[in-house]
2 protein chains.
Amino acid sequence: MVVDSEVDRLFHALADPTRRDVLRRSAEGELSVSRLADGYEMSFAAVQKHVAVLERAGLVTKTRRGREQLVRTDPAALRRARQALDELEAVWRDRVDRMTDLLTTPIQEEDR
Amino acid sequence: MVVDSEVDRLFHALADPTRRDVLRRSAEGELSVSRLADGYEMSFAAVQKHVAVLERAGLVTKTRRGREQLVRTDPAALRRARQALDELEAVWRDRVDRMTDLLTTPIQEEDR
DNA sequence: ATAACTTGCAACCAAATGGTTGTAGATTCC
DNA sequence: GGAATCTACAACCATTTGGTTGCAAGTTAT
């Protein structure tokens, strides 16, 4: 099971188009924060904040190389987000299964 | 492809523990907004707002039954959220594939 | 008919979010 | 050594969010 506050941070981080784009671009290949920031209209500090949100959610990690900080996406975090979605879907699927059972299971002697 | 603003709303709606719980409970079985609200510490109006957020994201639909409004989760919306995650993961997977290719593909005459 | 229940919505408030500019500390280049 | 580059972080601002209470309107039960 994934803890609640972690799922909060994951989905919150994913709920912004700039952050999803950062995620895509740094999945393509490692990029410094400055190189990433070049790609957007907003200020460097704004992009830096977005990266920080992704980092707190565990979606990216940074590694220093000289004066720059390389951003790399962590696929395990994406999988954790998917797992949280899967758990939600499972609740619904279980219910459908139970309803299907009710409709298709032949009635046994001991059930009466 | 899923449009950006829709993904925004989906992930934003999912980034709150109360809303995820509403989603679970209304996946278990249809519940009126009042019945749902009974399960939480906060006011009725607060729960109503959470349901509205889920509704705007398409994660639940409401159908009237007499004076009450039954909330039902829409599994298709959950799948759209998963698809958005899958698209992000795909970027990363493609990159890994390309790197693996570089390492394993034997060098051909015409590549030199 | 009236009371009780359910919902929707407005007005309000505190806190969080997403942006800005400015400053300061490392690191690299010349 | 000094200039340029890269990053971090603080202070500030407008907007959004998540909560509250109060009120109006529709539906059901007595």
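The shown structure was predicted, so the numbers you read here are calculated from the model rather than taken from an experiment.
Atom P of nucleotide dT27(D) and atom CG of Leu70(B) are separated by 15 Å, given to the nearest angstrom. Taking atom CZ of residue Arg56(A) and atom P of nucleotide dC9(D), one finds them 11 Å apart after rounding to whole Å. Counting to the nearest Å, the P atom of dG18(C) and the CG atom of Leu54(A) are 11 Å from each other. Rounded to whole angstrom, the span from the CZ atom of Arg9(A) across to the C1' atom of dT17(C) amounts to 16 Å. Rounded to whole Å, atom P of dT7(D) lies 7 Å from atom CZ of Arg35(A). We find that CG of Leu14(A) is positioned 12 Å from P of dG18(C), with the value rounded to whole Å. For Asp8(B) and dT15(D), the CG to P distance is 19 Å, given to the nearest whole Å. Going from atom CZ of Phe44(A) over to atom C1' of dC6(D) covers 6 Å, rounded to whole Å.
Between Ser43(B) and dT20(D) there is a side-chain polar atom (N or O) within less than 4.0 angstrom of OP1 or OP2. For His12(A) and dG18(D), the shortest distance from a side-chain N or O to OP1 or OP2 is not below 4.0 Å. Side-chain nitrogen and oxygen atoms of Ser34(A) include none within less than 4.0 Å of the OP1 or OP2 phosphate oxygen of dT5(D). Phosphate proximity of dA8(D) to Lys62(A): present, with a side-chain N or O under 4.0 Å from OP1 or OP2. Within the structure, every side-chain polar atom (N or O) of Lys49(B) is placed at least 4.0 Å from both OP1 and OP2 of dG8(C). OP1 and OP2 of dT6(C) both lie 4.0 Å or more from every side-chain N or O belonging to Gln69(B). The side chain of Gln48(B) places no N or O atom within less than 4.0 Å of a non-bridging phosphate oxygen (OP1 or OP2) of dC9(C). Taking side-chain N and O atoms only, Arg64(A) has no distance below 4.0 Å to OP1 or OP2 of dA26(C).
Cluster annotation: Val47(A) and Leu54(A) are assigned to the same hydrophobic cluster (Ile/Leu/Val/Met/Phe/Trp/Tyr, side-chain heavy-atom contacts under 4.5 Å, transitive).
For the residue pair Leu88(A) and Leu14(B), the shortest heavy atom distance occurs at CD1-CD2, 4.0 Å. In plain terms, the two heavy atoms of Arg35(B) and Leu31(B) that are nearest each other are CB-CD2, 3.9 Å.
For Arg19(B), the listed nucleotide lying nearest its side chain is dG18(D); candidates were dT20(D), dG18(D), dT7(C). Side-chain proximity of His50(A) to dG18(C), dA8(D), dG19(D): nearest is dG18(C). The Arg67(B) side chain lies nearest to dT6(C) when the options are dT6(C), dT17(D), dT7(D).
Using a distance-only test at 3.5 Å, with no hydrogens or angles considered, a donor-acceptor pair links the side chain of Arg95(B) to the main chain of Glu28(A).
Ala52(A) comes within 4.0 angstrom of nothing in the nucleic acid, heavy atoms only. Contacts of Ser32(A) with the nucleic acid, taken as non-hydrogen atoms under 4.0 Å apart, involve only primed sugar atoms and P, OP1 or OP2. Among the protein residues, Arg65(A) comes within range of no part of the nucleic acid, since none of its heavy atoms lies under 4.0 Å from any strand.
A salt bridge links Arg82(B) to Glu89(A): one of the charged nitrogens lies within less than 4.0 Å of a carboxylate oxygen.
The nearest heavy atom of DNA chain C to Asp16(A) and to Ala45(A) marks one nucleotide each, and the one closer to the 5' end goes with Asp16(A).
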Give the intermediate values and the outcome of side chain to side chain contact (heavy atoms under 4.5 Å, CB included) for residues Val71(A) and Arg25(A). CA-CA 10 Å; Val71(A) 179; Arg25(A) 297 221 287 142; over 6 Å; no
